[in-house]
Each structure stands twice: as structure tokens, then as C-alpha cells.
Amino acid sequence: MNYISVFDVIGPNMIGPSSSHTAGAVNIALLAYQLFSKPIAKADFTLYESFAQTGRGHGTDKALLGGIQGFGTDDVRIRDSYALADAAGIEYHFTWDDKTKTAHPNTVDIRLESPDGQVQTIRGESVGGGKIRIVQINDIDVVFTGIYSTLIVKHADRPGVVAHVTNVLSGHGVNIAFMRLYRDYKGGTGYLIVESDENIPDDFLEEIRENELVHEIMLIQI
Amino acid sequence: MSMDFASGKELHQLCREHGITISEAMLRREMELGSVSEQSVRERLERSLQIMEASVHEPLGQPRRSLSGLIGGEAWKVYDAKIESLCGVALTRAIAYSLAVLEVNAAMGLIVAAPTAGSSGVLPGAVLSLSEVYGWPETKQMDGLLNAGAIGYLLMRNATVAGAEAGCQAEVGAASAMTASAVVELMGGTPDMCFQAASLAISNLLGLVCDPIAGLVEVPCQSRNAIGVANAFTCAQLALSGITHPVPFDEMVDAMYRVGRSLPWELRESAKGGNAGTPTGCRWSAGGCAGGCAGNCAPGNDAGQTAAAR
């Protein structure tokens with residue numbers, strides 16, 4: 001959505017007390033959960049600056065733990081997210097780091113681990129009013145917000161990946177709103193991030209995977 | 001013709017040209033820009049109202065303390081006051097409801113930010129109290145939300161509603177302006193009167209600082225919501241009586257933003273100044289004195305005792 005809706009003003013519907021420290025934290029963790037798209041055995045959270053200083057009083061920990069269980073900002077189960085994580089067998093740990101300076105005062109690192117040992121780390125920032133952005137995936141700097149349907153393609157930084165992905169998308173009539181490329185170093189690992197106003201059908205992800213340079217695909221639907 | 005608008009002036013123009021209310025203009029804008037039906041907008045507004053209804057009433061039956069223990073039970077104290085009502089039924093109830101929403105919010109309950117969580121009590125407090133007193137149906141309550149949404153959208157677009165950017169005047173001040181305008185329309189006033197009420201409301205709270213004790217959305221946020229309601233009622237009454245503010249709405253939005261940007265950082269949600277920076281405010285902070293009170297706060301933390309004493 002690229003306009004301010006009446007529901008951006010009269011909203012979001014949210015579990016209190018803070019749109020930035022509670023709802024925003026839920027949104028970051030929910031995106032981490034959607035990106036990971038695997039069962040979670042272990043979750044580690046590191047909270048920085050304002051998140052670390054006032055997070056306890058704002059239930060930021062409960063919000064984060066709720067988000068990685070798939071709860072949205074208006075889900076009353078957030079209040080009980082510790083007990084529900086225990087019941088689900090999720091091991092969790094919080095680090096309240098109020099010493100390290102980060103680019104944005106409301107920053108959290110989330111490390112998720114699946115039962116078979118697969119790991120994903122993301123860094124998210126809560127930028128106000130429940131709005132957020134993800135600024136790192138697995139230590140590579142990226143930027144996306146989750147406002148749009150988002151396709152993330154992890155790939156080897158070699159020629160041909162972008163052309164392949166855009167070919168598949170245009171073949172299926174998906175209109176690309178924004179597209180950005182990130183990588184750790186030349187010839188290393190890259191992330192292609194494609195955002196679209198419409199739903200990106202997941203039935204052609206296999207086609208994208210056919211390219212041997214593609215390592216992994218993540219998809220977030222609005 | 002497009003129903004989008006970027007200023008109060010343009011919104012006013014649309015209302016005049018089409019002979020419609022502010023709420024109707026906002027409804028048409030939402031349908032146009034979101035490519036959605038009126039029914040779908042109204043279904044979402046219905047959900048907003050359901051949450052608002054629950055959040056104004058829930059703490060009256062079962063007061064809950066906040067995570068920190070700073071607040072809890074205030075709504076019931078006002079609602080059930082054994083003293084003669086000083087403010088009359090509608091305003092007293094609106095104040096109680098606004099306090100209630102902040103109690104729900106502080107206890108990790110479900111609320112509708114309007115426009116923020118810290119100012120979420122003002123609009124539902126006023127609209128739902130008046131609806132009970134005057135017997136307004138749900139569709140009319142939705143009009144109140146749409147009207148308030150239009151004013152809030154303009155404040156978000158052309159200024160800010162973030163306390164960290166422009167202080168409490170941008171949160172409770174914005175909520176109060178939105179509510180004043182909504183109340184005017186619901187009471188039968190013209191779009192012009194709505195803008196007058198909103199301008200007066202912004203003007204009255206201009207400069208209000210954001211100084212939450214321990215950085216929490218509790219004190220002074222809760223009672224600020226009560227003053228946001230009272231200011232909205234007062235400004236609606238002024239506008240409905242034909243009183244005008246010489247400075248147009250768009251200029252007041254700009255003035256609010258410029259005042260906000262000139263507030264020192266200590267008074268913009270940093271929890272270092274105002275209430276938060278007092279020795280007592282500092283003692284409530286988990287991290288202890290962060291320098292805001294210039295080292296006046298006593299060593300140690302007696303917040304626990306204070307909470308227990310309450």
C-alpha cells in the first residue's frame with residue numbers, strides 16, 4: 001500500500017502497550033518466522049538500545065516470542081507467548097544488550113534454528129507506528145519492509161540469476177514494484193529481493209529453483 | 001474526479017463541491033485508493049469498533065495493573081465515583097473510557113491505535129460515550145472514525161503523529177484534534193466547523209511534551225488521554241457555537257510540526273525530561289537515573305515499594 005489508509009490512522013489493531021516496542025516487535029519476529037518457514041527448535045533474540053532499555057516494560061520479549069510462533073499484532077496469545085513456546089518445545093533465549101550502538105534505536109537480532117540444525121539470522125528495526133524493516137539476513141545487509149509481497153532469492157553471485165528470475169516472473173504476469181540486489185562480496189552469496197503489489201503465486205517457485213545458481217527461495221505474501 | 005486530498009483545504013473543497021461530510025469524503029477516498037467496496041471498509045470499521053467497545057468496558061469490570069505497576073484501576077474510580085459528577089454524564093464517561101483503553105493497553109490487552117497506542121483512548125472514549133448518551137447507531141459511530149481518520153491522515157501526511165519526533169502534542173494533540181472534528185460532525189456541525197474544532201484542539205495542546213516515566217506508555221500518557229478528551233469536547237463545543245480560530249487548519253498542522261521539531265530531545269519520548277526526568281520519575285526507571293534529573297535521584301530503586309504502597 002502506497003497511500004495512508006484510514007486504517008493506518010485508526011489502527012493498527014494491536015496488543016499494547018507500544019506500537020514501536022510491542023506491535024513493531026511482533027511484526028519483525030513474524031517476518032522472521034515467515035522467512036524461515038521451518039519448524040523452530042531454538043530462538044535467540046538480542047535486543048539493542050531502546051529495545052534493550054525499555055523492552056521489558058513494553059512486553060517486547062513476549063511480542064518477539066509471539067511473532068516467531070506466527071502470532072499477528074492483534075493476537076491476544078502474545079500475552080502468554082512464554083507458556084505457549086514452552087508447550088511447543090521451543091527453546092528461547094534473550095540477550096538485553098544496552099551497550100552496543102545500532103543504526104536505529106529499536107533494533108533486534110533474531111536467530112532461528114530448526115530441529116535439523118538449519119539456521120537463519122535476521123536483523124530488524126521498528127521504525128514507528130508498528131512499521132518495520134528488515135536490514136540484514138544471515139549477516140548480509142538488505143532492506144525490505146514486508147508491506148508488499150516479497151520474493152527473496154538467495155543465490156551465487158554469478159551472471160544470469162536476475163534474468164532468470166525476472167523471466168519467470170514476467171512469464172507468469174507478475175508486475176514487479178521494486179527489485180534490489182545485495183551480496184556479501186564479489187562472487188559470494190547474493191540476495192535478490194523482489195516486491196510486488198499483488199500476490200506472488202508460489203506454484204512457479206520450482207521454476208526459479210531450476211537455476212543451479214539459486215540456493216534458496218523465501219516468499220512473504222501480503 | 002479523484003477523491004484524494006493532500007491538505008485540509010483540498011478536503012474542504014471536496015466537501016463543498018460534492019455537498020458531502022468529511023466522513024463521506026474519507027470513505028470515498030478509501031474506496032478509490034484501496035480499490036475496495038464500501039462494504040469492505042465498513043466491515044473493517046466494525047472490527048475497529050468491536051475492539052474499541054471491549055477496551056473501554058473491560059477494565060471497568062476487572063481492573064488490571066500494568067506491567068510496571070504504575071497504573072491500573074483508574075477508569076473504574078472515575079466511572080464509579082461516589083462524588084457528584086463535575087463534568088456531566090457524557091464527559092465523565094468519556095474520560096473514564098479513555099483511561100480504560102490506556103489500562104488495557106498497559107496490561108498488554110487488545111486496542112486500536114488512534115492514531116498511536118499512547119493516544120488510543122481519546123477517540124473511542126468520546127465517540128462511544130456520546131453514542132451511549134445519544135443512542136447513536138453503529139453506522140454513525142463509523143462516520144466518527146472516518147472523520148477522525150481524515151484529520152489524522154492529514155496530520156500524519158503533513159506533520160507527524162510520533163511522540164519521538166514531535167512530542168505528546170503530536171500524539172494526544174492529534175487524537176484530540178481528530179476527536180474534536182469527529183464530535184462536531186456527529187453533533188450535526190458543518191465541515192468548516194470540524195476544521196475549526198481541530199485547529200482549536202491543536203492550538204490548545206501546542207507544545208505538549210512527551211515525557212513517559214521509565215519510557216512506559218502509562219504515566220503521564222493515561223491522564224493525558226483524559227485531557228485529550230476534555231479538550232476535544234471543549235473545542236467541539238466552541239466550534240459548534242460558531243467560534244472560529246483565525247489560523248487555518250493546514251497552518252496549525254505545520255505549526256504543530258515546527259514546534260515539535262524544536263522540542264529538545266529530552267522531551268520527545270526519550271524518558272529523560274519532564275515527568276520522567278524528576279527524581280521520582282528516575283527511580284521508576286529500571287536502568288536508574290540516566291542523567292535526566294541531573295543526579296538528583298537517590299541511589300537505589302524504591303519503585304517496588306511505591307508500587308506496593310499503591
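Small disclaimer: the values here were computed from a predicted structure and weren't measured. Protein chains get the first letters and strands the later ones, always in sequence-line order, with residue 1 at the start of each.
Note that the OG1 atom of A/T54 and the CD atom of B/E269 stand 8.5 Å from one another [nearest 0.5 Å]. For the atom pair CZ (A/R56) and CG (B/L216), the distance works out to 12.0 Å, reported to the nearest 0.5 Å. The distance from the CD1 atom of A/I4 to the CZ atom of B/R29 is 7.5 Å, given to the nearest 0.5 Å. Note that CD of B/E30 is 4.5 Å distant from OH of A/Y3, once rounded to the nearest 0.5 Å. In this structure, the separation between NE2 on A/H58 and CG on B/L67 is 9.0 Å, given to the nearest 0.5 Å.
Neither the backbone nor the side chain of B/V104 comes within contact range of chain A, judged by heavy atoms closer than 4.5 Å. Contacts of B/M26 with chain A are made by side-chain atoms alone, with heavy-atom separations under 4.5 Å and no backbone atom involved.
When all heavy atoms of A/R79 and B/A107 are compared, the closest pair comes out as CD-O, 3.7 Å. When every heavy atom of A/P17 is checked against every heavy atom of B/V217, the shortest pair comes out as O-CG2, 3.5 Å. Taking every heavy atom of both residues into account, A/S19 and B/A117 meet most closely at N-CB, 4.0 Å.
Using a 4.5 Å cut-off between non-hydrogen atoms, the part of residues 50-59 of chain B that approaches chain A consists of B/I51, B/M52.
The side chain to side chain contact (heavy atoms under 4.5 Å, CB included) test with A/D74 singles out one residue from B/L110, B/V112, B/I111, and that residue is B/L110.
In terms of non-hydrogen atom pairs under 4.5 Å with chain A, the most contact-rich of B/A162, B/G34, B/A148 is B/G34. For the options B/L27, B/V41, B/T116, heavy-atom pairs under 4.5 Å to chain A are most numerous at B/V41. The candidate with the highest count of non-hydrogen atom pairs below 4.5 Å against chain A, out of B/G118, B/G215, B/G109, is B/G109. Chosen from A/T22, A/I15, A/I78, the residue pairing most often with chain B at heavy-atom distances under 4.5 Å is A/I15. Interface remark: of the candidates A/G59, A/G130, A/A23, A/G59 forms the most heavy-atom pairs closer than 4.5 Å to chain B. Across B/A164, B/A175, B/G149, B/A150, the residue that shares the most heavy-atom pairs under 4.5 angstrom with chain A is B/G149.
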Give the intermediate values and the outcome of side chain to side chain contact (heavy atoms under 4.5 Å, CB included) for residues B/L145 and A/V6. CA-CA 8 Å; B/L145 302 196; A/V6 66; 6.0 Å; no
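Within 6.0 Å of CD on A/Q221 lie more than 12 heavy atoms contributed by other residues, nucleotides or ligands. The number of heavy-atom neighbours closer than 6.0 Å to CZ of A/F144, taken from other residues, nucleotides and ligands shown, is above 12.
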